[in-house]
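This report refers to the structure that appears directly beneath it.
Just so we're on the same page: letters track the sequence lines, and every chain starts at 1.
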Amino acid sequence: MSDNLKLADLLLPHIDKTPDYYEALYPERSLKEGAKVTRVAPSPTGYLHIGTLFTSLVNRIAATSSEGIFFTRIEDTDKKREVEGGIENIIDGLNRFGITIDEGFVSGKEEKGIYGPYQQSRRAEIYQTYVKDLIRKGFAYPCFCTAEELEATRAEQEKANIRTGYHGEWAACRSLTFDEIKSKIDAGIPFVIRLKSPGNEENKVVYEDLIKGKIEMPENDEDFVLLKSDGIPTYHFAHAIDDHLMHTTHVMRGDEWISSVPKHLQLFRILGFKVPKFAHVSPIMKLDDGAKRKISKRKDPEAAVHFFIEEGFDAIAVVEYLMTIAASDFEDFRRANPDKPYTEFKFNLKKMSVSGALFDENKLLDVSKNIISRMSGETVSEKITAWAKEFDTEFYRLLIKDQSYTKAIFSIDRDCAKPRKDIAKWKEAKDYVSYFFDELFAPDYTLPDNLTPADACEFLKAYVKVYNESDDKQQWFERIKELCPALGFASETKAYKAAPASYKGHAGDLSTVLRIAVTGRRNTPDLCSIMKVLGKDKCVERIEEAIKHIL
RNA sequence: GGCCCGGUGGUCAAGAGGCCUAAGACACCGCCCUUUCACGGCGGUAACACGAGUUCGAAUCUCGUCCGGGUCACCA
């Protein structure tokens with residue numbers, strides 16, 4: 001038996017399968033020509049990050065556009081960084097944003113698909129089988145170096161101005177004999193398995209990135225770690241094995257991975273796997289003190305997608321905004337098809353930005369306003385109620401007290417040809433509708449400069465007498481006009497503008513007075529509708545109260 | 001520092017050698033519409049990082065400079 005075979009058995013004695021077993025276990029997928037199999041492979045280290053949402057969305061839409069498959073895989077190979085509930089946080093987060101998952105973890109607990117397990121910590125045996133095979137073939141070896149030794153090597157390299165890393169002659173354990181290894185193993189010294197890299201730094205590897213284009217880099221010659229001392233693989237190795245076995249056609253991930261591509265390419269080649277297409281997406285950036293930088297989990301609240309939910313952004317608004325960043329032609333699609341779901345958009349990798357976009361809250365707000373303006377009053381009312389239930393109990397109680405009243409409030413100036421666009425996030429709604437609830441009503445009775453308290457009150461007193469709840473919008477305004485002459489105001493704005501000196505003001509000014517009296521503010525949606533929702537008793541009560549304050 | 005990637009208005013971007021006197025969207029400003037505010041309409045301010053080259057012709061191709069970003073782990 002050759003040393004390599006003996007070594008393989010010595011290092012991984014419990015592994016009795018060969019790669020063939022798994023190759024047969026996970027057959028090719030039968031999908032239509034051109035279908036993309038994509039995935040997102042988060043590690044459960046915290047909350048769903050805006051960047052993860054973004055790449056998930058891109059992967060999802062790429063699969064959808066090609067009638068392919070999008071799956072999730074949990075990369076929990078680093079036990080130290082894992083957090084409780086990490087999988088739920090991420091997967092349920094994706095669900096919350098409407099990212100449908102065809103395969104893998106479809107919820108925090110439930111897994112679907114025949115290429116599993118979709119969690120790397122449960123795939124140890126698979127990785128080890130392939131590693132064992134690599135050892136047999138002389139492409140991998142055990143390394144017993146301690147962190148201190150590695151650090152010392154590094155220091156020495158830096159001092160001598162040599163490229164750092166575990167490569168070539170610096171790969172101390174590369175040339176260990178079988179007997180040396182055996183005695184270390186017998187002594188119980190922990191070890192990792194490293195790749196015996198056949199690469200040469202002088203050579204170039206070239207690959208075509210679907211987003212960035214042709215990229216040329218030095219070949220990998222680093223004997224990087226395949227299996228950590230706990231027998232769990234590093235990202236690089238797990239990526240190669242999993243994406244091969246799960247038949248991923250397009251690996252679309254954050255562009256921080258670009259520099260690792262030579263490692264991956266080498267791995268795929270040595271393992272005899274077909275190389276998937278790579279597309280590296282640029283991160284979402286943020287402006288910090290005038291400098292552009294990647295949104296960071298630690299510094300930026302908006303890194304956690306939960307932030308947007310709390311702020312009251314509708315999930316679909318965030319997704320649509322992300323789509324505008326993801327594809328430069330998405331806005332054209334949206335304009336041409338205002339009512340189609342974004343999932344019908346034909347996504348093309350070529351339309352993805354090469355450089356990272358700065359996160360633009362203004363744009364998000366705008367996208368959001370447009371989306372909300374297209375929702376029915378009922379939908380808006382339901383969504384706001386749902387949001388309040390989670391984040392503002394005081395508001396929630398008011399909203400559910402009388403649901404038809406709540407619905408009526410949010411239906412004003414909605415469901416029409418020119419719907420209002422003044423709500424961009426649910427958090428704003430409370431202030432926006434506060435005057436509909438006595439508990440929130442905080443009036444400011446300050447009159448515009450051109451109106452005197454006396455005129456205002458005289459008008460209000462007269463108005464109460466003629467107010468008819470069943471008037472339509474036109475009749476409603478007629479009432480105000482009719483009161484104008486007696487008060488010295490112009491019924492028609494044009495008349496006033498033609499001879500401002502002859503009047504104290506015009507009908508519009510008096511409607512402002514009424515608006516202030518009823519709502520306690522100068523700017524609101526259509527007053528006639530508001531008064532109808534409020535009801536005559538409440539309006540009269542408000543007007544009488546206002547008169548007391550104005551005088 | 002080595003290796004990669006990028007650089008068009010404040011932001012996102014269109015742009016593949018002549019169609020560029022450089023689209024569009026957001027933001028900002030002005031006007032119009034209008035009973036307020038929104039909406040809508042019209043208009044405006046504002047950009048090819050810099051320097052060489054290639055070419056009849058460069059935002060577009062090449063090189064250099066500068067500036068940003070990423071990466072150099074038993075993290076992903």
Side-chain angles (χ1 to χ4, degrees), chain A residues 41-45 75-78 80-81 120 143 145-147 150-151 154 158 161-166 190-194 201 209 211-213 215-218 222 224-236 238-239 253-262 280 282-283 285 287 291-294 321 324-325 327-332 334-335 351 353-367 369 373 413 416-423 448 473 476-477 480-481 493 506-516 519 521-528:
Chain A
S43 49
T45 54
E75 312 227 319
D76 55 347
T77 54
D78 186 3
K80 295 184 287 286
R81 295 204 310 154
Q120 293 179 335
C143 166
C145 292
T146 62
L150 257 18
E151 188 40 54
R154 184 190 178 77
E158 276 172 0
N161 221 281
I162 292 166
R163 187 166 48 94
T164 59
Y166 208 82
F191 63 93
V192 301
I193 303 291
R194 286 182 183 273
E201 213 243 342
D209 191 284
I211 293 171
K212 312 264 183 188
I215 295 181
E216 189 176 297
M217 279 179 284
E222 179 117 358
F224 60 92
V225 174
L226 263 20
L227 236 43
K228 298 187 256 185
S229 53
D230 57 4
I232 299 296
T234 55
Y235 170 86
H236 304 115
H239 152 56
R253 77 253 266 206
D255 72 359
E256 68 271 21
W257 289 110
I258 289 182
S259 54
S260 307
V261 169
H280 288 95
S282 307
M285 317 283 279
L287 212 53
K292 218 176 165 185
R293 49 151 249 256
K294 204 168 148 179
Y321 168 64
T324 67
I325 296 184
S328 61
D329 53 344
F330 180 72
E331 284 190 89
D332 291 338
R334 186 37 82 224
R335 258 191 296 279
K351 295 291 182 182
S353 172
V354 184
S355 48
L358 222 43
F359 181 81
D360 184 351
E361 193 182 358
N362 274 328
K363 188 73 182 180
L364 204 211
L365 250 15
D366 180 67
V367 168
K369 271 185 206 170
S373 78
D413 285 351
C416 55
K418 284 187 175 183
R420 300 190 69 83
K421 289 189 180 174
D422 38 16
I423 298 181
K473 213 171 149 181
W476 174 87
F477 197 51
I480 295 175
K481 285 184 178 176
T493 311
H506 57 86
D509 292 326
L510 293 181
S511 77
T512 298
V513 171
L514 185 56
R515 171 172 283 109
I516 289 173
T519 68
R521 55 175 81 177
R522 313 247 273 248
N523 309 329
T524 71
D526 179 54
L527 225 208
C528 173

Discussion item. Keeping A:D76 on the side-chain end and A:P44 on the backbone end, is there a donor-acceptor pair under 3.5 Å?
Written reply: no
Worksheet item: Counting only Watson-Crick or G-U wobble pairs whose two distances fall under 3.5 Å, which nucleotide matches B:U62?
Response: B:A52
Discussion item. Judged by each residue's nearest nucleotide on RNA chain B, which is more toward the 5′ side, A:D366 or A:R163?
Written reply: A:R163
Discussion item. I want to verify a distance call: between B:C3, B:C74, B:G70, whose nearest atom is closest to the A:P218 side chain?
Written reply: B:C3
Worksheet item: Does A:S282 use its side chain to pair, donor to acceptor, with the backbone of A:V354 at less than 3.5 Å?
Response: yes
Fill in: A:R515 side chain, from C-beta outward: closest of B:U35, B:C39, B:U71
B:U35
Worksheet item: Would you say the base of B:U35 and the side-chain of A:S511 have a donor-acceptor pair closer than 3.5 Å?
Response: yes
Worksheet item: Do any side-chain nitrogens or oxygens of A:S328 fall under 4.0 Å of OP1 or OP2 in B:A14?
Response: yes
Item to complete: Just name whichever nucleotide pairs with B:U35, Watson-Crick or G-U, keeping both distances under 3.5 Å, else none.
Response: none
Worksheet item: What nucleotide, of B:U35, B:C5, B:U71, holds the atom closest to the side chain of A:S259?
Response: B:U71
Worksheet item: Which listed nucleotide (B:G6, B:C26, B:U71) is nearest to the side chain of A:S355?
Response: B:G6
Discussion item. Under 4.0 Å, heavy atoms only, any strand: does A:S353 hit a base, just the sugar-phosphate, or nothing?
Written reply: sugar-phosphate
Discussion item. Check this one for me: any side-chain N or O of A:R154 less than 4.0 Å away from OP1 or OP2 of B:A73?
Written reply: yes
Worksheet item: How far, in whole Å, is B:C4 from B:A47 if one measures between their P atoms?
Response: 34 Å
Fill in: Exam field: side chain A:Y235 to backbone A:E75, donor-acceptor pair closer than 3.5 Å
no
Fill in: A:T519 (side chain) donor-acceptor with A:R521 (main chain) under 3.5 angstrom
yes
Fill in: Nearest-angstrom distance, P atom, B:G44 to B:G2
48 Å
Discussion item. For B:G17, give the paired nucleotide (Watson-Crick: N1-N3 plus N6-O4 or O6-N4; G-U: N1-O2 and O6-N3; both under 3.5 Å), or none.
Written reply: none
Worksheet item: A:F477 has a side chain; which of B:C26, B:U35, B:A76 sits nearest to it?
Response: B:U35
Response to the item:
Ranking B:U36, B:C12, B:C26 by distance to the side chain of A:T524, first place goes to B:U36
Worksheet item: With a 4.5 Å heavy-atom cut-off, do A:M285 and A:F359 have their side chains touching?
Response: no
Worksheet entry | Base paired to B:A76 (Watson-Crick or G-U; both N/O distances under 3.5 angstrom) | none
Worksheet item: Is A:E222 touching bases, backbone alone, or none of the nucleic acid, heavy atoms closer than 4.0 Å?
Response: nothing
Worksheet entry | Nearest-neighbour nucleotide for the A:K421 side chain, B:C75, B:C3, B:A38 considered | B:A38
Discussion item. Any carboxylate oxygen within less than 4.0 angstrom of a Lys/Arg side-chain nitrogen, looking at A:R163 and A:E222?
Written reply: no
Practice prompt. For B:C67, give its Watson-Crick or G-U wobble partner with both distances under 3.5 Å, or none.
Written response: B:G6
Worksheet item: Does any donor-acceptor pair link the side chain of A:S229 with the base of B:C74 at a separation under 3.5 Å?
Response: yes
Fill in: Pairwise C1' distance, B:C67 and B:C50 [rounded to whole Å]
10 Å
Practice prompt. Answer yes or no: is there an ion pair linking A:R420 with A:D422, defined by an N-O contact shorter than 4.0 Å?
Written response: yes
Discussion item. Given B:A76, B:C12, B:C74, identify the nucleotide with an atom nearest to the side chain of A:L358.
Written reply: B:C12
Worksheet item: Counting only side-chain N and O atoms of A:R334, is one of them less than 4.0 Å from OP1 or OP2 of B:A25?
Response: no
Discussion item. What's the gap between B:C75 and B:A16 when it is taken at their C1' atoms, as a whole Å value?
Written reply: 40 Å
Worksheet item: Which nucleotide in the list B:C74, B:A25, B:A76 gets nearest to the side chain of A:E75?
Response: B:A76
Worksheet, complete the sentence: Rounded to whole Å, the CZ-P distance (A:R335 to B:G40) equals 13 Å
Worksheet item: Think A:K351 has a side-chain N or O under 4.0 angstrom from the OP1 or OP2 of B:G15?
Response: yes
Worksheet item: Distance between the C1' atoms of B:U60 and B:A23, in whole angstroms?
Response: 16 Å
Worksheet item: What interatomic distance, in whole Å, is found between P of B:G70 and the corresponding atom of B:U55?
Response: 39 Å
Discussion item. I'd like the P distance from B:U11 over to B:C72, given in whole Å.
Written reply: 29 Å
Discussion item. Here's a test of your reading of the structure: between A:V354 and A:D78, which maps to the more 5' nucleotide of RNA chain B?
Written reply: A:V354
Practice prompt. Please measure how far the P atom in B:A27 lies from the corresponding atom in B:C42, and state the result in whole Å.
Written response: 16 Å
Worksheet entry | Whole-Å gap separating C1' (B:G6) and CG (A:D255) | 10 Å
Worksheet item: Using 4.0 Å as the upper bound for N to carboxylate O, is an ion pair formed by A:K369 and A:D366?
Response: no
Response to the item:
Ranking B:A25, B:G70, B:C75 by distance to the side chain of A:K80, first place goes to B:C75
Discussion item. When you measure from the side-chain N and O atoms of A:K228 to the phosphate of B:A76, is any distance below 4.0 Å, counting only OP1 and OP2?
Written reply: yes
